[in-house]
Amino acid sequence: MLPRPVRPHICVITTGGTISMRYDATLGGAVPAVSGNELLAMVPGLEEVATLRLLEYSNQPSCHLTPEMMFEICMLARDTLEQEDVDGVVVTHGTDALEETAYMADLLIDSPKGLVFTAAMRNNSEVGADGPRNILGSVRVAASPQAAGLGALVVFNGRVLAARDTIKMHTSNLDAFRSPMLGPIGNIDDDAISIYRRSLVRQQLRPTRPVTAVELVRVYAGMDSALLLWSLEQGSQGMVIEAMGQGNVPPDMIPGIQAWLDAGKPVVLVSRCPEGRALDTYAYLGGGKQLRRMGVIFGEDLTGQKARIKLMLALGLTSDVEEIRGMFEYLA
């Protein structure tokens, strides 16, 4: 009789979210109710894929998570990956903020092992709950040598996505998470893992803590400087602006942006469009050309929420605007 193959050791870190919820008839909606052990017990065949260890960080909606808590989750994942008897880590998470925590982990953690984030769109009381399938796929990916060293990944609905590229594109559809510009890096077909590419633009930022006083504003037609000036007066340390188009703002925002720059604080510009990146194409008042000349940092193709996460970590390393610029404009 042939010996049974040694199964990889995978640690599952649970943080909460819809994947750990059930419907509460009294409250009339889904609430946190499923423990980590219950969650893993719902996944048929999981014990055949890997030897599992469970760490329960929390059981709460991800919209309740703060950046400090996201940082703690990332540090827990990093420390766990560094253990010799762990071959990979899976983090279960709420969908609302998954892309932010996963991207923070991608910036903070450089491991030769698999690191996967997953979630669910349907709670465990709903027909066709997708949590068990996503967990099974995530453990398979985290245990696969193909996924080793790819950075933080998001496994959802049979797709393997790079955390840097992943956006929640739908509020309720099972296919909510996608990479609209670049597509998935791989797929899961039953127990077959196929990885087609790796990200060439990963970075590492290693602060001891994030600076969380970073604001995010989304530009709208006719916007002025009021919000920018108010946040500066409140002591915010960084600003991310989701501009129109390729990186353009209404003229009345210019005084507020200049006030931030005069204070020696970083202003990062991205586009509010889901695809493309901010560029200095237009030279009219409020155009990207003027903003670059003023000293605004261009955030490449990052979404506003991811640029904010990155700026928090960058400020944890330095307050020098030019050093921070180098962390953002490396693709230029």
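Being a predicted model, the structure only gives us computed values, none of them experimental.
- If you take CD on Glu275 and CE on Met181, they are separated by 7.0 Å, rounding to the nearest 0.5 Å.
- Note that Arg292 lies in the cation-pi zone of Phe298, set by a 6.0 Å cut-off to the ring centre and a 45° limit from the axis.
- For the pair Lys310 and Phe328, the cation-pi test (distance below 6.0 Å, angle within 45°) is passed.
- No side-chain donor-acceptor contact under 3.5 Å links Arg159 to the backbone of Arg178.
- Glu68 and Thr212 share a side-chain donor-acceptor pair at under 3.5 Å.
- Looking at Glu48, its side chain never comes within 3.5 Å of a backbone N or O of Gly45 through a donor-acceptor pair.
- In this structure, Asp85 places its CG atom where more than 12 heavy-atom neighbours from other residues, nucleotides or ligands lie under 6.0 Å away.
- Counting heavy atoms from C-beta outward, Leu200 and Arg202 have side chains that stay 4.5 Å or more apart.
- Here Ile109 contributes atom CD1 and Met75 contributes atom CE; the two are 5.5 Å apart, rounded to the nearest 0.5 Å.
- For the residue pair Glu215 and Ser236, a side-chain donor N or O sits within less than 3.5 Å of a side-chain acceptor on the partner.
- The hydrophobic cluster containing Leu52 also contains Val155, counting ILVMFWY residues as joined when their side-chain heavy atoms lie under 4.5 angstrom apart, directly or transitively.
- Not a single donor-acceptor pair under 3.5 Å links the side chain of Asn134 to the backbone N or O of Phe156.
- Ile73 and Ile135 are assigned to two separate hydrophobic clusters, defined by single-linkage of ILVMFWY side chains at heavy-atom distances under 4.5 Å.
- With contacts defined as side-chain heavy-atom distances shorter than 4.5 Å, the pair Met239/Leu232 does not qualify.
- Between the side chains of Glu72 and Tyr57, at least one donor N or O sits under 3.5 Å from an acceptor N or O.
- Salt bridge annotation for Arg218-Glu242: present, with a cationic side-chain nitrogen under 4.0 angstrom from a carboxylate oxygen.
- A donor-acceptor distance shorter than 3.5 angstrom exists from the side chain of Lys306 to the backbone of Arg164, with no hydrogens or angles considered.
- No more than 12 heavy atoms of other residues, nucleotides or ligands lie within 6.0 Å of CZ in Arg209, so this atom counts as exposed by the packing criterion.
- The main-chain N or O of Val201 is found under 3.5 Å from a side-chain atom of Tyr330 such that the two form a donor-acceptor pair.
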